[in-house]
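First listed ligand is number 1; within each ligand, the first listed atom is number 1.
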Amino acid sequence: MEFVTLNDGNKMPVAGYGVFQMATDDSTAQAVADAIKAGYRLIDTAQAYDNEVAVGKGIKMSGVDREELFVTSKLWLSDYEYDAAMAQIDKALSDMGLEYFDLYLLHQPVGNVYSAWRALEDAQKAGKIKSIGVSNFHNDRLVDLGLFNDVKPAVNQIEINPFFQRESELSVMADEGVVAEAWAPFAEGKNGIFTNETLVAIAQAHNKTVGQVILRWLTQRGIVALAKTVRPERMRENIDIFDFKLTDEEMKLVAELNTNTSQFFDHRDPEMVKYLAARH
Ligand SMILES: NC(=O)c1ccc[n+]([C@@H]2O[C@H](COP(=O)([O-])OP(=O)(O)OC[C@H]3O[C@@H](n4cnc5c(N)ncnc54)[C@H](OP(=O)(O)O)[C@@H]3O)[C@@H](O)[C@H]2O)c1
């Protein structure tokens, strides 16, 4: 496993296992235990995924020491008021059977972000969270949050995949010392990503799969890459990305696949803001 160093000095694995759209029951606990067995050390869940209990159970089942793992969860905007945020951090820790989170994120840039961020800062001071960060923040919101608070976000978790490469966001994050973490690196399979000709040709050249090429394209540039799968054979495949390197030419070919368009939705669309706000 390779690691990146965050702006607070903590180290974070560059490849992680995500559990979005996975069940709330023991099948997710088993999948998390399988992922850790396959070699994953970074696990990414969220209050909004409704599976923190199952993820905590899977972590216990794995038998791997807590200090070896890097556990992330995220606060939903229904709890962005200071007291509610503090209470939810305690609840999430208790639900997961953990003493601390390695990373805790504001899931969306919507609602009372400042109050929630100050709760994260205080929970970090209290030792409940090692590193604090955000998700889905556009450049202006990210810089603003860092400027008007004591602690700058360590991480911004955003959609990054070959069809939506986020060059502008990556450049601002590099300037600000914020590590980029990619969600939906496979665009959840949309737009024929696994059969894309360019990606298939690069995969064949390295005797790897398209999934492995995408994850390598991210991690090779220091971007933390999450990937979700419920299948143990794909967990092993998706973590087996550290024995090859894409050439500069191959990196350029992948860069050409950028359409600069989200494969999902725009967090700045007013209708999306209303949708997120209603999702309490
Ligand atoms: N912060 C946010 O707002 C946000 C939003 C979305 C996601 N995330 C995080 O990012 C993680 C990853 O994103 P995601 O789950 O949306 O999508 P993803 O990882 O891009 O794609 C997951 C899909 O790809 C399939 N897949 C996985 N590995 C594969 C492989 N090697 N070959 C072929 N198909 C493969 C999976 O199917 P099977 O399961 O059947 O294998 C699943 O349908 C999430 O789980 C979550 O932790 C965060």
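Considering R231, K228, R234 only, the shortest heavy-atom separation from atom 27 (C) of ligand 1 involves K228. Nearest to atom 41 (O) of ligand 1 by heavy atom, out of I43, T229, V230, I160, is T229. Considering each of K190, E159, E237, E188, the one bringing a non-hydrogen atom nearest atom 16 (O) of ligand 1 is E188. Nearest-residue assignment for atom 8 (N) of ligand 1 (options Y17, F186, W183; heavy-atom criterion): W183.
Under a 4.0 Å criterion applied to the non-hydrogen atoms of A227, ligand 1 contributes the atoms 19 (O). The ligand atoms of ligand 1 that sit less than 4.0 angstrom from a heavy atom of Q157 are 1 (N), 2 (C), 4 (C), 8 (N), 9 (C), 48 (C). Interface of F20 with ligand 1, defined as ligand atoms under 4.0 Å from a residue heavy atom, comprises 6 (C), 7 (C), 16 (O), 44 (C), 45 (O), 46 (C).
Every residue meeting the side chain to side chain contact (heavy atoms under 4.5 Å, CB included) condition with R221, not counting sequence neighbours, appears here in chain and number order: E167, L170, W217, L218, I223, M251.
Using cut-offs of 30° and 60° for the angle between ring planes, the H107 and Y49 rings count as perpendicular.
In this structure, T209 has no heavy atom closer than 4.0 Å to ligand 1. At least one heavy atom of Y49 sits closer than 4.0 Å to an atom of ligand 1. Residue G18 places a heavy atom less than 4.0 Å from ligand 1.
Only the backbone of V19 comes within 4.0 Å of ligand 1, judged by heavy-atom distances. Contacts between N161 and ligand 1 below 4.0 angstrom, taking non-hydrogen atoms only, are absent altogether. Counting heavy atoms under 4.0 Å from ligand 1, residue P185 touches it through both backbone and side chain.
Contact check for R166 versus E159: side-chain heavy atoms found under the 4.5 Å cut-off.
With respect to D34 and R231, no salt bridge is recorded, no charged nitrogen being found less than 4.0 Å from a carboxylate O. The pair K252-D248 does not meet the salt-bridge criterion, since no charged nitrogen lies less than 4.0 angstrom from a carboxylate oxygen.
A side-chain donor-acceptor contact under 3.5 Å links D79 and Q47. D50 and T24 form no side-chain donor-acceptor contact under 3.5 Å, judged by distance and modelled atom types alone.
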